[in-house]
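Beneath this line is the structure, given in structure tokens, with notes to follow.
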Protein chains: 2
Amino acid sequence: MDTTDPSEIVVGLNAVIVTVTDEEPRVLMVRDGTAAAADALPFGPFDARNDRTLEEGLRSWVAQQTDLDLGYVEQLYTFGNRGRDPREKQDGRRFISVGYLALVRDAAPSGGGIWRNWYEFFPWEDWRDGQPAILDADILPALNRWVESTPDAYLRAVREERLALAFGLESGAWDEEHVLDRFELLYEAGIVGEAARDGGDEADGPGKVMGFDHRRILATGMSRLRGKIKYRPVIFELMPSEFTLFQLQHAAEGLAGLRLHKQNFRRLVERAGLVEETGRVETSLPGRPAKLFRFRRTVLRERPTPAVNLPRGG
Amino acid sequence: MDTTDPSEIVVGLNAVIVTVTDEEPRVLMVRDGTAAAADALPFGPFDARNDRTLEEGLRSWVAQQTDLDLGYVEQLYTFGNRGRDPREKQDGRRFISVGYLALVRDAAPSGGGIWRNWYEFFPWEDWRDGQPAILDADILPALNRWVESTPDAYLRAVREERLALAFGLESGAWDEEHVLDRFELLYEAGIVGEAARDGGDEADGPGKVMGFDHRRILATGMSRLRGKIKYRPVIFELMPSEFTLFQLQHAAEGLAGLRLHKQNFRRLVERAGLVEETGRVETSLPGRPAKLFRFRRTVLRERPTPAVNLPRGG
DNA sequence: ATTTAAATGCTCAGCATGAGTATAATTTAT
DNA sequence: ATAAATTATACTCATGCTGAGCATTTAAAT
């Protein structure tokens with residue numbers, strides 16, 4: 001290859017395909033091709049000849065490979081860091097990937113894919129049963145050691161501030177949207193397995209390791225989705241056509257990794273006009289039967305930002 | 001070229017570089033190379049050999065070409081629609097571009113760049129002097145004709161709803177963030193000049209035409225920035241080190257294209273702890289001298305989402 | 001009939017917001 | 001010198017949203 005030529009660039013498309021089963025958020029995974037055989041996000045090439053748009057390319061290979069009917073799709077981010085794909089070292093090509101977030105209603109994927117609970121990869125992100133033990137036991141001590149062992153005083157201060165912000169230490173304010181900030185800190189500090197692996201060592205650390213930089217892409221998707229449910233009614237893309245308010249709350253809690261205040265959640269959803277009664281009730285559980293609701297699509301025309309806010313509380 | 005080969009993909013980097021001069025938001029433009037010689041966003045190649053990350057690539061050619069010191073930088077979106085670059089038709093290559101938003105303090109660009117007020121391209125987005133006349137005179141009638149002339153009833157209803165949402169017709173609620181939605185409607189309806197040009201006709205329509213799909217990229221940047229100032233203190237990236245609260249308000253108004261309520265704006269900014277007095281005053285204007293303030297960086301550690309909300313009102 | 005498990009209804013303090021009125025400190029015009 | 005204009009800043013007040021919790025209703029299970 002002529003050295004004045006730019007090295008070849010390969011553009012691929014990665015998808016964070018999310019569903020919610022009961023109250024658990026799940027992500028579609030495949031096995032990556034490497035020896036480590038970690039979980040990886042589904043991936044497809046961008047076909048410059050046949051795909052008119054990037055999103056069309058994504059939908060076409062997802063439809064081919066899985067049987068899933070992607071509802072909501074949005075572009076997440078384009079990842080192009082050197083070293084993100086091990087094949088780079090073999091043949092010098094550069095791998096760039098456009099990440100997408102897609103939402104589907106609970107369904108069985110065909111093909112080689114499998115749903116995995118996203119908290120398998122991010123156990124510290126699930127605060128539904130209180131602060132995860134792994135934070136105080138492992139993660140925060142390791143992060144603090146990393147900050148304290150930073151030689152340069154200015155850099156140390158910067159890292160300390162990032163740590164405080166991402167994990168809400170000072171104000172006691174955990175922000176569930178900061179998934180990516182937290183993962184990036186853990187990577188930089190060498191705490192997650194990917195850091196060791198990319199450095200050529202044995203991978204170990206909190207949460208399951210994923211192939212390539214896919215845990216970062218997943219973190220990006222989680223951040224985006226956790227933010228989005230607060231100002232767009234995307235959560236209904238994940239719900240069946242009829243649901244009780246408690247099921248809706250459980251879905252929101254699963255995504256946000258937080259417990260919400262039941263009465264206030266109801267008040268919010270109803271006052272915002274997001275749902276309407278179907279007239280039926282759900283009676284499969286003990287206790288008073290719950291009314292079934294459906295999403296009121298016309299709300300989109302009425303309010304500027306109709307969405308499920310997250311009134312915290314146990 | 002072998003037909004089994006994918007066609008060659010060229011990855012470029014586009015930047016929406018924004019500054020604020022007095023109360024006007026300006027964007028760095030260059031002349032595009034085509035015969036039409038429209039304004040275009042600065043563009044640089046992504047150098048797969050030398051750029052470790054996409055953002056590093058962006059910073060490196062911006063520094064080379066313009067002399068500007070990019071402060072805040074964030075990735076916007078990756079644009080890959082077929083037909084977005086006329087060179088496609090010549091040599092069959094496919095041009096993909098990663099768009100970035102960058103903020104700089106007011107300064108003169110070196111090189112061939114020039115600052116242009118972004119409302120030259122989006123006159124309907126400036127509501128600071130009330131609803132822009134061009135809306136009732138041209139844009140809304142044309143959009144309504146487009147909707148009404150849609151043969152398929154379902155598609156017509158969808159378009160009507162999109163129109164109502166994007167331009168806030170029913171509820172009278174103009175949402176300043178929906179810049180991109182509005183531009184996409186105008187493009188689809190064939191109202192902006194780019195639509196005619198891409199169809200091979202003479203370009204004409206509201207707002208100045210830009211080269212390639214750059215007006216869409218600019219719209220993406222405007223949407224992002226208008227949203228961001230509400231939950232991150234990015235506006236201070238555009239302010240001098242000392243400023244009066246009214247100057248800050250003017251900058252926010254210029255970006256949002258809205259007039260804000262002065263007293264409530266002050267209350268918000270001060271109560272949020274975003275600024276601190278410098279002790280000096282600004283006396284160059286008639287009227288009571290205004291205190292000068294600076295950004296309080298430590299606010300980042302105190303509040304989860306410190307930002308300049310936008311209390312509307314004349 | 002009693003207990004248990006929900007769902008649903010209601011209250012209340014605190015805070016934020018929208019929309020002002022009122023007052024203070026300057027420069028410009030007469 | 002005085003008034004008018006201009007800008008900054010302080011303060012008020014009704015409204016509505018939010019967080020937190022108590023109370024009541026309706027069912028199944030024992």
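Order of the sequence lines fixes the chain letters, A, B, ..., with proteins taken first and strands second; residue numbering starts at 1 for each chain.
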ask   = Just wondering, do Gln249(B) and Arg259(B) contact through their side chains at under 4.5 Å, heavy atoms?
value = no

Minimum heavy-atom distance Tyr119(A)-Leu255(A), with the two atoms named = OH-O, 3.5 Å

Listed once per pair and sorted, the ring pair (Phe, Tyr, Trp, His ring centres under 6.0 Å) pairs that draw on residues 270-295 of chain B, sequence neighbours left out = Phe236(B)-Phe295(B)

key: Distance, rounded to the nearest Å, where Glu270(B) contributes CD and dA8(D) contributes C1'   = 11 Å

inquiry  = Less than 3.5 Å apart, any donor N or O on the side chain of Arg294(A) or Thr278(A) sitting next to an acceptor on the other?
reply    = no

ask   = Just checking Leu268(A): base, sugar-phosphate only, or nothing, at a heavy-atom cut-off of under 4.0 Å?
value = sugar-phosphate

message = Nearest whole Å is fine: how far is dT18(D) P from Arg266(A) CZ?
response = 17 Å

task = Sugar-phosphate atoms are those with a prime plus P, OP1 and OP2; base atoms are the rest. Using that split, label each nucleotide of nucleotides 20-30 of chain D B, S or - for protein heavy atoms under 4.0 Å, 5' to 3'.
result = BBB--BBB---

request  = Sequence neighbours left out, what passes side-chain contact (heavy atoms from CB on, under 4.5 Å) with Glu282(B)? Give chain and number order.
outcome  = Thr244(B), Gln247(B), Ser284(B), Leu292(B)

ask   = To the nearest Å, how far apart are Arg271(A) CZ and dG16(D) P?
value = 11 Å

inquiry  = Can you classify the ring geometry of His250(B) versus Phe246(B) as parallel (below 30°), tilted (30 to 60°) or perpendicular (above 60°)?
reply    = tilted

Rounded interatomic separation in angstrom, taking NE2 from His250(A) and C1' from dA7(C) = 13 Å

task = Return the value, rounded to whole Å, for the distance between atom CD of Gln249(A) and atom C1' of dT8(C).
result = 13 Å

remark   = Phe265(A) CZ to dG19(D) P, in whole Å, measures 13 Å

query = Please give, in whole Å, the distance from dA8(D) P to Gln247(B) CD?
reply = 9 Å

query = When you check the phosphate oxygens OP1 and OP2 of dT9(D), does a side-chain N or O of Lys262(B) lie under 4.0 Å from one of them?
reply = no

task = Quickly work out the Leu260(B) CG to dT17(C) P distance and round it to whole Å.
result = 13 Å

